[in-house]
Amino acid sequence: MDEKDMGTDLAKVLISKDEIDAKLAELAERIDADYRGEDVLIVGVLKGAVMVMADLARTLHTPVTMDWMAVSSYGMGTKSSGVVRILKDLDTDISGKHVLIVEDIIDSGLTLSWLLSNLRSRGPASLEICALLRKPDAAKVDIDVKYVGFDIPNEFVVGYGLDFAEKYRNLPFVGTLAPHVYGG
Ligand code: XMP
Ligand code: MG
């Protein structure tokens, strides 16, 4: 799917495919350096992180194993409540392992801070986060995100795994939607 397939639904491309690729290469280089000689388990948070997981994993030289979690915020609407329910847990025992959580976007940070304490209680050797995107509100929650791709404005974004009503995940770039898509 590309810009043309979006017709008038696309407001603008915020981050192009080339910019994403270049950023993932940068992050992968840092991750390779930080985990030299270690085995790493990367944990993708479904569904949004599928693209980042797939592309980051292929850019890394570090041998990784991959696992997935699906979580859902109990809250209504588009705002995260911080009360999280596990829809799909990890298949693997992470105790003693070097775990790197891979996320598409951190907004309020509530989902991730819950996930961090949940995974930390399982006794991993180390636990870090890699997020492609971060919104300004994330700064209000005290979470240490070691690897961040882009700090973006407080706008709703789609593409590269991110959806609006389950659509637009398969865009190769990150963009914003025209108001009419939201019924505006
Ligand atoms: P927190 O708990 O950090 O929630 O507020 C993060 C989750 O909220 C979703 N989210 C978005 N999804 N475009 C999206 O498609 C956005 O702009 C956006 N902001 C937050 C996403 O599922 C993320 O994991
Ligand atoms: Mg997500």
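When a ligand or atom number is given, it counts from 1 through the structure's own listing order.
With ligand atoms numbered from 1 in the order given, ligand 1 contributes 12 (N), 14 (C), 15 (O) to contacts under 4.0 Å with heavy atoms of Leu162. Each of the following atoms of ligand 1 lies closer than 4.0 Å to a heavy atom of Ser108: 1 (P), 2 (O), 3 (O), 5 (O). Interface atoms of ligand 1 facing Thr111, defined by a heavy-atom separation under 4.0 Å, are 1 (P), 2 (O), 4 (O). Remark: ligand 1 atoms within the under-4.0 Å shell around heavy atoms of Asp104 are 24 (O). Close contacts of ligand 1 with Leu110, meaning ligand atoms under 4.0 Å from a residue heavy atom, involve 2 (O), 3 (O). Residue contact check: Glu103 has heavy atoms under 4.0 Å from atoms 24 (O) of ligand 1. Atoms of ligand 1 lying under 4.0 Å from any heavy atom of Lys135, numbered from 1 in the order shown and given with element: 16 (C), 17 (O), 18 (C), 19 (N).
No donor-acceptor pair under 3.5 Å is formed between the side chain of Glu38 and the backbone N or O of Tyr35. Remark: the backbone N or O of Ile94 is not paired with any side-chain donor or acceptor of Thr92 at under 3.5 angstrom.
Among Leu162, Val52, Asp151, the single residue meeting the side-chain contact (heavy atoms from CB on, under 4.5 Å) criterion with Leu133 is Leu162. Of the options Leu87, Asp91, Leu46, Ile86, a side-chain contact (heavy atoms from CB on, under 4.5 Å) to Met69 is made by Ile86 and by none of the others.
Taking only nitrogen or oxygen atoms, main chain and side chain alike, Val157 reaches within less than 3.5 Å of ligand 1. At under 3.5 Å, a nitrogen or oxygen of Gly109, whether backbone or side chain, sits near a nitrogen or oxygen of ligand 1.
With Asn154, Leu133, Asp107, Val141 as candidates, the residue nearest to atom 20 (C) of ligand 1 on a non-hydrogen basis is Asp107. When Ile105, Leu14, Thr176 are ranked by how near their heavy atoms come to atom 6 (C) of ligand 1, first place goes to Ile105.
Within 6.0 Å of NZ in Lys167 there are 12 or fewer heavy atoms belonging to other residues, nucleotides or ligands.
By the criterion of a heavy-atom distance under 4.0 Å, the backbone of Glu155, and not its side chain, is placed next to ligand 1. Contacts between Val45 and ligand 1, counted as non-hydrogen atom pairs separated by less than 4.0 Å, are absent for every part of the residue.
Put simply, part of Asp163 is less than 4.0 Å from ligand 1, judged by heavy atoms. For Gly48, the heavy-atom gap to ligand 1 stays at 4.0 angstrom or more. The closest approach between a heavy atom of Leu112 and any atom of ligand 1 is not below 4.0 Å.
Using a 4.0 Å cut-off between charged side-chain N and carboxylate O, Glu166 and Lys47 make a salt bridge. Ion pairing between Lys17 and Asp2 fails under the 4.0 Å rule for side-chain N and carboxylate O. Using a 4.0 Å cut-off between a side-chain N of Lys or Arg and a carboxylate O of Asp or Glu, Asp32 and Arg36 do not qualify as a salt bridge.
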Show, in sequence, the C-alpha distance, side-chain angles and deciding distance for Lys97 and Asp67, and conclude whether the salt bridge (Lys or Arg N to Asp or Glu O under 4.0 Å) test is met. CA-CA 12 Å; Lys97 292 189 182 156; Asp67 205 345; over 6 Å; no
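When all heavy atoms of Val99 and Pro124 are compared, the pair lying nearest together is CG2-CB, 3.9 Å.
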